[in-house]
Amino acid sequence: MTAVFRFAPSPNGRLHLGHALSALLNQRMAEAAGGTVLLRIEDIDTVRCTPELVAGMLDDLDWLGFRARPPHRRQSEHFADYAAALDRLQALGLVYDAYLTRGEIREVVRRKEAQGGAWPRDPDGAPVYPGDRTLLSPDEIAARRRRGEPHALRLDMAKALAMVGEGLGGQVGGPAGRPLTWQETGTGPAGETGEITAHPEAWGDVILARKDTPTSYHLSVVLDDALQGVTHVVRGQDLFQATAVHRLLQTLLDLPAPVYHHHRLITDATGRKLSKSAGDTALHELRAAGWTPTDVRARCGL
Ligand code: GLU
C-alpha cells in the first residue's frame, strides 16, 4: 500500500514558520516512505478564508518548494460529503440541536463557578458544553426550535461512547473493554508516543456543524482523510488531543484510522506558539526581508 500524507492548512491567515515545518516534514516523510503528499485546503470558514489568502498560501508553498500531488481538495467544494456523514451520525441518534450562544455558555459557566465549583474545560481550554437545559427552560428551547433560531449541531458524547464501547466489546477506556487508541509515531506535548489511549470524553459534546458553517473541523478532517486514502497524518502537537475525537468519529463512521505523527511546535522568543497574527514569522514577510527557503528550513530545524 502506498503511503499517503497530507498537509492541510486553513487559509484564514498567512502561513508562518509553523506551517513551513509541517509542510516540509510531510514532504520529507512521504519521500522517505516512497509515498505521496497531498495538499488539502481547509476552508470551511468561507468568510475568513478569502480567495486572496488561498492564493497567498499557494504562492508561499510554491516558493518554499512544497510539491503536492494534485488535485488539491478544497473543503468548501465538498459540503455535501460532510452533510452525508452528519446524516449518518444523525441516523444513529447521536446528534442534537444546541441553542446556547457563546455568551449564554459563558453565563452558565459564570453562575456555576460563582457557586464554588470549577466548570470543566476541554483540552483547548474552552468550557465543555453545559447543555441547553442548564440555562433555558423546556418552553424556551421549544420556542427557539419553533422560531427556527440558528443553532449548532453537537455530538452526544455519552451516547457515542456507549455505542462505540459496545462495538468494541465493552466500555471505552473502562476495565472491561478494549480502549479506543491510536498509533503515534511522533510525540504528544507530554512526550506520549506509541499506542495512545484516546479520551474523547475530555471534549464533551463537540460541535459537528455550526450556525453559519454546515460542518466542523473534526467532522470534515476525519471524512477527508478517509476519502483521500490518507495513511499518515503529520501535524502539530496542538492537535494531539483532538485526535481522540477523530478516532471516535472514525469508529462511528466506519472509517480507517491513519497513523498519527504530531510534531513539535515552533515557538517565538517568549516561548509562545506562533499564530497567524504573528506577522513577523509569516513566510511572505520573511521572504520580503530576504530570507531564502534554505533559511526557513534551517530555522525550522530541518
Ligand atoms: N486545518 C488545520 C489547521 O490549520 C489542520 C488540520 C489537520 O492537520 O488535521 O490547523
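Only heavy atoms go into these numbers, but all of them, side chains included; no hydrogens, no water, no symmetry mates. Whatever order the structure lists them in is the order used to number ligands and atoms, beginning at 1.
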Self-check item: Those atoms of ligand 1 less than 4.0 Å from some heavy atom in Ser10
Solution: 1 (N), 2 (C), 3 (C), 4 (O)
Quiz item: In terms of atom number and element, which parts of ligand 1 are under 4.0 angstrom from non-hydrogen atoms of Val221?
Solution: 9 (O)
Self-check item: Polar side-chain atom of Thr215 near backbone of Tyr82 as donor-acceptor pair, under 3.5 Å
Solution: no
Quiz item: Has Arg102 got more than 12 heavy atoms of other residues, nucleotides or ligands less than 6.0 Å from its CZ?
Solution: no
Self-check item: Donor-acceptor contact below 3.5 Å, side chain Asp225 vs main chain Val222
Solution: no
Quiz item: For Arg210, does the CZ atom sit with more than 12 other heavy atoms under 6.0 Å from it, leaving out its own atoms?
Solution: no
Exercise. Using non-hydrogen atoms of the residue, decide whether Tyr217 is closer than 4.0 angstrom to ligand 1.
Key: yes
Quiz prompt | Close approach, Arg6 and ligand 1, non-hydrogen under 4.0 angstrom | solution = yes
Quiz item: How does Val233 reach ligand 1, if at all, at less than 4.0 Å between non-hydrogen atoms: by side chain, backbone, both, or neither?
Solution: neither
Quiz item: When you look at His261 and His232, which way does the side-chain contact (heavy atoms from CB on, under 4.5 Å) test go after all the steps?
Solution: CA-CA 7 Å; His261 184 102; His232 292 75; over 6 Å; no
Quiz item: Counting each atom of ligand 1 from 1 as listed, which ones have a heavy atom of Arg235 under 4.0 Å away?
Solution: 7 (C), 8 (O), 9 (O)
Quiz prompt | From the candidates Gln75, His262, Glu42, the one that places a heavy atom nearest atom 6 (C) of ligand 1 | solution = Glu42
Quiz prompt | Any N/O pair Pro9/ligand 1 closer than 3.5 Å | solution = no
Exercise. For the pair Trp182 and His262, name the ring-plane relationship: parallel under 30°, tilted 30 to 60°, perpendicular over 60°.
Key: perpendicular
